[in-house]
2 protein chains.
Amino acid sequence: MDKNNLRHLPHKTIERLSQYRRALLLCHANGKTHIFSHEIAKIQHITAVQVRRDIMLIGYTGTLRKGYNVEELIVLIGKILDTEEGLNVAVVGVGNLGRAITNYFRGKRTKLSIVAAFDKNPDKIGKKYSGVECFDIADLKSLIKQKDISIGIITVTPESAAEACKALVEGGIKGILNYTPKPVNVPPHVYLEEYDMITSLEKVAFFVKTH
Amino acid sequence: MDKNNLRHLPHKTIERLSQYRRALLLCHANGKTHIFSHEIAKIQHITAVQVRRDIMLIGYTGTLRKGYNVEELIVLIGKILDTEEGLNVAVVGVGNLGRAITNYFRGKRTKLSIVAAFDKNPDKIGKKYSGVECFDIADLKSLIKQKDISIGIITVTPESAAEACKALVEGGIKGILNYTPKPVNVPPHVYLEEYDMITSLEKVAFFVKTH
DNA sequence: TTTGCCATGTTAAATCTTTAACAGTGAATT
DNA sequence: AATTCACTGTTAAAGATTTAACATGGCAAA
Ligand SMILES: NC(=O)c1ccc[n+]([C@@H]2O[C@H](COP(=O)([O-])OP(=O)(O)OC[C@H]3O[C@@H](n4cnc5c(N)ncnc54)[C@H](O)[C@@H]3O)[C@@H](O)[C@H]2O)c1
Ligand SMILES: NC(=O)c1ccc[n+]([C@@H]2O[C@H](COP(=O)([O-])OP(=O)(O)OC[C@H]3O[C@@H](n4cnc5c(N)ncnc54)[C@H](O)[C@@H]3O)[C@@H](O)[C@H]2O)c1
């Protein structure tokens, strides 16, 4: 599957592929060699049809009556989602959330590694957090290039979000994941994803209220 | 707008309303009294049409050539999203992420308050984190009823996610927000929302790779 | 006053996403 | 050997969501 085909995969499918892989890795660790579409579906709270359709879209085909080969599917999803050499990630803002994330990601994926953290607080600069060194935010731009960092995770205080984003973009970042409640702006060539926990919580609250 | 009308609001609109309010509150704090649909759109990286359509759906109508009254819109979105009395929330698992969340939510919304945290670690039980007391997970079920907790946020270790979820459900929880990478199961009357940061990061990585 | 403009509100069309329907297939059963 | 069964793979339909198109209204400038 070449780069051009990949572009046609629906965004939602991409998200689910990541989730399928997470589930498959767990099954693999448990010694399971094959899995049915309806088993994956149950784990993810979706329908078996959707699982089969997603898997069809990436051109994989399972074994009749035995389901999908767990290992093969993991490898194939890796070919879709991962780059061969892997991508380097930086966390900007080493506060509660930044540290939690750095700790969470540690050793999770070989193809996505957090290679640097940044902060403006002199007490944090030079220290290591979950094995990741914290650098001065002033050096962000040069270190992005030097360490070939493609993705930045913004976890500074909301007031500094725009500033952190600007520095990342100027450093030549390719993708940004913003956990700040302050939306940031990026040029079209930078891919941006934003997430605010309060939105999720308010959504849950709304459905609790109405149901 | 009564409960029945509310049910017809699209899920995506609910999410955006939360985001609009977040932006509006900020504008309000800055002394802005009116805002145009295209201004909201710019902040949220969406189109002005979509903003107007969402606002139409909740039955609000702005002033021609002046846009929407910031304060009125904030109040109306509150009527949609919030309950009059507010809802109580519990954090289950006082690790890095649990503490980060508790700290983040502190005083953010008056209508959604974290009233308790739970853990199994004796060192944490009895302590306060960002003003929230940590209780023994063994007391979860009784405290949910006692403190009238409607929503649970799961931030325990992945292996304990199912167990924490089970306890929440048995305690009579109405909604769950699961930040564990391990999907959990709930009966149909409980609303469930799951989020994994790795999925977001892998999605960003995918679009970085293909663009 | 009249014309142009800029913004909202709404219906209709387009697009994206999920679900349904069903053909195909091969192992197990009789 | 024929039949049933339980799966996958695919196309078609339905449903959800976004975008386009345009009617409307009122301020401002000419
Ligand atoms: N804690 C959460 O669970 C949570 C959840 C959602 C969103 N958020 C958001 O994530 C962000 C971080 O949250 P937190 O709890 O870690 O906050 P925090 O205050 O603990 O950490 C913020 C860190 O950013 C650093 N910082 C501030 N300005 C900076 C700058 N200009 N350059 C470099 N570093 C800078 C600070 O020194 C600090 O280390 C906040 O915007 C918060 O609103 C937090
Ligand atoms: N740190 C992150 O940014 C991050 C991001 C996404 C998801 N997660 C997930 O969120 C969860 C928490 O992450 P963390 O970094 O805070 O982990 P952590 O290990 O720091 O904290 C886990 C906490 O849960 C408690 N716990 C474990 N089992 C329990 C049980 N049965 N009952 C009650 N309490 C129990 C532990 O005592 C500990 O305090 C993990 O599942 C992790 O995978 C974390």
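Throughout, protein chains are lettered first and strands after them, A, B, ... in sequence-line order, and every chain is numbered starting at 1. No hydrogens, no waters, no symmetry mates; every other heavy atom, side chains included, goes into these values.
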Exercise. Answer yes or no: are there more than 12 heavy-atom neighbours, outside B/Lys32 itself, under 6.0 Å from its atom NZ?
Key: yes

Practice problem: Take atom CD of B/Glu71 as the centre, draw a 6.0 Å sphere, and report whether it contains more than 12 heavy atoms from other residues, nucleotides or ligands. | Solution: no

Show each protein N/O and nucleotides 1-5 of chain C N/O combination with a separation under 3.5 Å, one pair to a line.
unit_1: C/dC5; atom_1: O2; unit_2: B/Arg65; atom_2: NH1; d: 3.4

Exercise. Would you indicate whether the side-chain heavy atoms of B/Asn96 and B/Arg99 approach each other to under 4.5 Å?
Key: yes

Starting at atom [atom1] of [X], determine the distance to atom [atom2] of [N], rounded to an integer number of angstrom.
| X | N | atom1 | atom2 | result |
| --- | --- | --- | --- | --- |
| A/Leu73 | D/dG9 | CG | P | 10 Å |
| A/Lys66 | D/dC5 | NZ | P | 23 Å |
| A/Ile35 | D/dA6 | CD1 | P | 19 Å |
| A/Ile40 | D/dC7 | CD1 | C1' | 13 Å |
| B/His8 | D/dA16 | NE2 | P | 12 Å |
| B/Leu64 | D/dT24 | CG | C1' | 8 Å |
| B/Ile14 | D/dA16 | CD1 | P | 15 Å |
| B/Met56 | C/dT11 | CE | P | 7 Å |

Taking only nitrogen or oxygen atoms into account, show me every contact under 3.5 Å that the protein makes with nucleotides 13-19 of chain C, one pair per line with its distance.
unit_1: C/dT18; atom_1: OP1; unit_2: A/Arg16; atom_2: NH1; d: 3.0
unit_1: C/dT18; atom_1: OP2; unit_2: A/Arg16; atom_2: NH1; d: 2.9
unit_1: C/dT18; atom_1: OP2; unit_2: A/Arg16; atom_2: NH2; d: 2.9
unit_1: C/dT18; atom_1: OP2; unit_2: A/Gln50; atom_2: NE2; d: 3.2
unit_1: C/dT18; atom_1: O5'; unit_2: A/Gln50; atom_2: NE2; d: 3.1
unit_1: C/dT19; atom_1: O4; unit_2: A/Arg53; atom_2: NE; d: 3.2

Quiz item: So, is B/Arg52 close to the C/dT8 phosphate, meaning a side-chain N or O under 4.0 Å from OP1 or OP2?
Solution: yes

Self-check item: A/Thr61 side chain near D/dT8 phosphate (N/O to OP1/OP2, under 4.0 Å)
Solution: no

Rounded to the nearest 0.5 Å, how far does [atom2] of [Y] lie from [atom1] of [X]?
| X | Y | atom1 | atom2 | answer |
| --- | --- | --- | --- | --- |
| A/Phe105 | A/Leu112 | CZ | CG | 8.0 Å |
| B/Leu177 | A/Ser200 | CG | OG | 5.5 Å |
| B/Lys42 | B/Thr47 | NZ | OG1 | 14.5 Å |

Practice problem: Mind telling me whether B/Phe118 and B/Phe135 have parallel, tilted or perpendicular rings, with 30° and 60° as the class edges? | Solution: tilted

Exercise. Assign the ring pair A/Phe207 / B/His11 to parallel, tilted or perpendicular, where the plane angle (0 to 90°) is split at 30° and 60°.
Key: tilted

Exercise. List the steps, then state whether side-chain contact (heavy atoms from CB on, under 4.5 Å) holds for B/Val190 with B/Leu168.
Key: CA-CA 10 Å; B/Val190 176; B/Leu168 284 167; over 6 Å; no

Exercise. Please round to 10 degrees the angle between the axis of the first five pairs and the axis of the last five pairs in the helix from C/dT1-D/dA30 to C/dT30-D/dA1.
Key: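 Rounded to the nearest 10 degrees, the bend comes out at 10°.
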
Practice problem: Starting from the C-alpha separation in whole Å, work towards a yes-or-no answer on side-chain contact (heavy atoms from CB on, under 4.5 Å) for B/Lys166 and B/Val169. | Solution: CA-CA 5 Å; B/Lys166 189 162 170 281; B/Val169 169; 5.9 Å; no

Quiz item: Is A/Asp82 salt-bridged to A/Arg21, cutoff N-O under 4.0 Å?
Solution: yes

